[in-house]
**Student:** 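My questions will all concern the structure given below.
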Number of protein chains: 2
Amino acid sequence: MNLIARIADERGLLRPKPIGPREFLPFNVILEGDCIEEMAKLPDKSVDMIFADPPYNLQLGGDLFRPEGGRVDAVDDDWDKFDSLTTYDAFTRAWLAEARRILKDDGTIWVIGSYHNIYRVGSLLQDADFWILNDIVWRKTNPMPNFRGTRFTNAHETLLWCAKNEGARYTFNYRAMKGLNDDLQMRSDWLMPICAGQERVKGANGAKAHPTQKPEALLYRILLACTKPGQVVLDPFFGTGTTGAVARRLGRRWIGIEREPAYVKVARERIAATLPLDESAMQTMADKREAPRVAFGVLVESGLVPPGTALTDAKRRWTATVRADGSIACATHAGSIHKVGAALQNAPSCNGWTFWHVAGGKLQVLDELRQQHLSALT
Amino acid sequence: MNLIARIADERGLLRPKPIGPREFLPFNVILEGDCIEEMAKLPDKSVDMIFADPPYNLQLGGDLFRPEGGRVDAVDDDWDKFDSLTTYDAFTRAWLAEARRILKDDGTIWVIGSYHNIYRVGSLLQDADFWILNDIVWRKTNPMPNFRGTRFTNAHETLLWCAKNEGARYTFNYRAMKGLNDDLQMRSDWLMPICAGQERVKGANGAKAHPTQKPEALLYRILLACTKPGQVVLDPFFGTGTTGAVARRLGRRWIGIEREPAYVKVARERIAATLPLDESAMQTMADKREAPRVAFGVLVESGLVPPGTALTDAKRRWTATVRADGSIACATHAGSIHKVGAALQNAPSCNGWTFWHVAGGKLQVLDELRQQHLSALT
DNA sequence: GTACCATATGAATCACAAT
DNA sequence: AATTGTGATTCATATGGTA
């Protein structure tokens with residue numbers, strides 16, 4: 001059993017005994033040590049926000065290989081291993097209890113997770129009387145695919161944003177969020193790329209320094225939404241220090257807690273390096289305008305082009321029938337509107353939207369229906 | 001105190017006593033009554049999928065799950081909230097236990113909820129040994145704005161998709177989902193409008209018949225993804241019968257359970273007016289996994305790929321020769337098309353059907369010859 | 001300099017039937 | 001029950017090399 005799990009296990013629901021005087025709140029520092037022990041040294045009701053990216057308890061099995069043969073570099077670190085859900089719950093309860101004690105009454109807490117752990121965390125947050133204000137979905141523009149075709153692409157992670165109690169006051173910079181979103185209310189689903197390229201912190205060997213580094217854009221939006229300049233943000237699972245880096249950039253104070261010396265070193269150097277406002281990172285802040293891409297299947301699903309509909313081309317040379325999954329079929333071919341169109345014309349490619357028409361007295365090109373669908377959305 | 005709350009309260013964690021003989025599984029019917037009582041009458045391991053849209057425990061001053069009924073004054077608020085969550089958990093545990101008993105071992109369950117209840121539900125699903133396959137985010141194109149500007153627009157709901165146990169087999173129509181999404185893997189975030197307009201079932205007074213009617217497009221995607229035609233879907237919180245209507249349209253059988261006579265009446269009329277798709281329209285892209293297997297040796301035997309044929313990969317990096325028994329051999333390896341392909345690439349595995357091509361001017365992939373062989377059989 | 005192509009990789013609970 | 005063989009399976013980006 002790893003250290004965190006053992007500590008949580010031994011303590012169970014009990015609040016740890018005070019270790020230090022808890023008189024002073026340090027800031028802009030990394031506290032090197034176990035997150036629960038280090039939190040125990042901090043004063044009551046002293047921080048304005050907590051951002052926590054705890055272990056997800058992924059429970060992965062054996063190796064996973066990509067179709068082309070490569071092996072997926074999975075998160076197999078000891079810090080993500082727990083004996084059971086019960087152990088994970090005990091650990092979560094323990095660090096949440098400390099977090100709650102340290103948080104000001106008008107502060108908020110953010111926790112990020114995936115389906116592996118977020119339902120445990122959400123339940124325990126509610127049990128501890130935190131009041132969920134929103135759950136936020138981070139939609140990844142570039143998630144790892146499901147290589148074996150066994151499930152839906154796991155393309156998002158979830159963040160929970162909670163006040164300390166029902167009815168508690170809290171900071172929400174509504175205007176700033178609206179500004180970030182073209183003067184529309186910021187929604188609970190955020191589209192952002194995963195952390196890669198230059199932003200991803202690398203070790204000496206060129207390999208990623210941390211397996212689960214979060215994008216700065218994510219922390220940028222969170223800190224901008226829920227803190228004022230000068231306020232103090234605590235991150236009990238500091239890792240490579242994304243929270244600290246963004247807090248510094250935005251003029252917030254920060255406290256990081258991290259157990260692994262290697263991560264601490266990397267984070268210190270990262271934050272110390274003056275971070276100029278990176279233009280490329282900023283671009284991801286502003287919501288990319290959703291590409292108005294529509295899958296033909298969505299028109300089928302929504303009933304605009306029901307399964308069984310007969311399609312034909314402008315000159316009525318070929319016909320095909322729409323099937324339940326949005327594929328179409330004629331006597332000789334089946335597949336997408338584009339593939340079947342290409343195959344029939346013996347062409348390398350084909351734009352099915354302009355090629356196919358709903359058959360009937362007057363032909364209606366699919367592209368027109370796509371426009372209808374799009375305008376209904378807005 | 002309402003019926004559901006009373007039943008959950010009285011029974012706690014206990015499985016309800018059998019009420020009926022549980023011999024027959026009815027289908028294409030609405031069972032009018034409490035969901036737990038009605039589920040208790042259904043046989044063990046009898047349904048292929050469960051879709052559940054349970055009450056959300058909105059805590060908007062409602063007394064839905066308050067055991068003692070009467071109005072609670074402000075002093076008791078904390079206790080009331082705790083009590084409400086506990087009671088909601090007991091209710092959830094009770095209906096999940098029945099759902100689990102009824103579900104086939106290779107069946108799956110879907111549950112939809114919002115942040116008010118989904119973390120309770122997700123935790124309890126895991127506690128009951130259900131195995132989360134994905135959490136799905138329904139992104140609403142037209143959510144209700146946050147009028148007071150105090151939070152992010154709550155623009156999504158969450159669905160949990162679970163197998164009965166870790167490692168259990170389950171149905172996932174991968175190709176059909178890919179077809180619905182323009183030949184890209186279907187992701188875990190789904191964009192759909194809320195149910196409105198013509199689709200929204202209205203009462204005699206023109207008002208919406210049900211406060212939380214789900215869009216048919218949502219059920220369409222779920223049923224298409226996780227069931228085969230003819231399989232049985234149970235919806236223990238049937239409401240206006242969206243699950244039944246879509247199941248009928250897609251040629252799936254269904255069982256609805258609904259307590260409110262008004263909803264039952266509306267659902268019956270709605271489903272009766274829904275027409276099933278005809279056989280051909282219901283077709284979807286077939287999963288290759290379900291195609292009959294062909295041994296490569298059979299193609300050799302039949303003369304389609306005679307012994308001595310030279311094979312090569314798409315980039316002509318390696319060559320091999322077909323032998324009389326359907327094995328192939330190169331300078332360094334001999335064995336099945338798969339084994340030799342894997343060995344040459346130094347990969348853990350290889351699909352010989354798509355790796356090897358008949359050498360010559362224009363390469364022809366073996367998979368194409370396999371298709372020829374298969375279609376010649378029919 | 002540019003266009004094109006090949007390669008690498010990201011919090012992943014990733015097969016199944018026959019023997 | 002454990003082993004073995006067949007064979008199904010990937011999207012968006014970033015980076016680096018070649019033409």
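Atoms considered below: every heavy atom in the structure, side chains included; atoms not considered: hydrogens, waters and symmetry mates. Proteins come first, then strands; the chains are lettered A, B, ... in the order of their sequence lines, and each starts at number 1. The model shown is predicted, which means the values in this text are computed figures rather than measured ones.
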**Student:** At 4.0 Å (heavy atoms only), tell me whether B:S336 reaches a base, stays on the sugar-phosphate, or touches nothing.
**Tutor:** sugar-phosphate
**Student:** Name the closest nucleotide to the B:N351 side chain, picking from C:dA11, C:dG10, D:dG7.
**Tutor:** D:dG7
**Student:** Give the nucleotide from the list C:dT13, C:dG10, C:dA11 with an atom nearest to the side chain of A:L58.
**Tutor:** C:dA11
**Student:** Applying a 4.0 Å non-hydrogen cut-off, can you work out what A:A196 is touching in the nucleic acid: base, sugar-phosphate, or nothing?
**Tutor:** nothing
**Student:** I'd like to know if A:S114 reaches the base of C:dA12 with its side chain, counting only an N/O donor and acceptor under 3.5 Å.
**Tutor:** no
**Student:** Please pick, from D:dA8, C:dA11, C:dT7, the nucleotide with the shortest atom-to-atom distance to any side-chain atom of B:W353.
**Tutor:** D:dA8
**Student:** NA contact type, A:P215, heavy-atom cut-off 4.0 Å: base, sugar-phosphate, or nothing?
**Tutor:** nothing
**Student:** Pick the nucleotide of DNA chain D nearest each of A:N142 and B:R289; which residue has the one closer to the 5' end?
**Tutor:** B:R289
**Student:** Sort out the partner of D:dA2 for me: Watson-Crick or G-U wobble, both distances under 3.5 Å, none otherwise.
**Tutor:** C:dT19
**Student:** Salt bridge or not for B:K178 and B:D183, using N-O below 4.0 Å?
**Tutor:** no
**Student:** Counting only distance, no hydrogens or angles, is the base of C:dG10 paired donor-acceptor with the side chain of A:R66 under 3.5 Å?
**Tutor:** yes
**Student:** Answer yes or no on whether B:R221 is positioned over the face of B:W190, meaning its NZ or CZ is under 6.0 Å from the six-membered ring centre and within 45° of the axis.
**Tutor:** yes
**Student:** Respond yes when some side-chain nitrogen or oxygen of B:K178 is under 4.0 Å from OP1 or OP2 of D:dT10, and no when none is.
**Tutor:** yes
**Student:** What is the nucleic acid contact for B:I132, judged by heavy atoms within less than 4.0 Å: base, sugar-phosphate only, or nothing?
**Tutor:** base
**Student:** Contact class for B:R370 vs. all strands (heavy atom < 4.0 Å): base, sugar-phosphate, or nothing?
**Tutor:** sugar-phosphate
**Student:** Could you grab the distance from atom CD1 of A:I194 to atom CG of A:N142, nearest 0.5 Å is fine?
**Tutor:** 4.0 Å
**Student:** Using atom CH2 of B:W131 as one end and atom C1' of C:dC14 as the other, report the distance to the nearest whole Å.
**Tutor:** 12 Å
**Student:** With the side chain of A:N154 defined as its heavy atoms from C-beta on, choose the nearest nucleotide among D:dG7, C:dG10, C:dT13.
**Tutor:** C:dT13
**Student:** Taking C:dA15 as the reference, what is the distance to D:dT10 when you measure between their P atoms (whole Å, please)?
**Tutor:** 14 Å
**Student:** Using a heavy-atom cut-off of under 4.0 Å over every strand shown, decide if B:G335 touches base, sugar-phosphate, or nothing.
**Tutor:** nothing
**Student:** I'd like to know if B:R175 pairs up with B:E290 as an ion pair, taking the criterion as any Lys NZ or Arg NE/NH1/NH2 lying under 4.0 Å from an Asp or Glu carboxylate oxygen.
**Tutor:** no
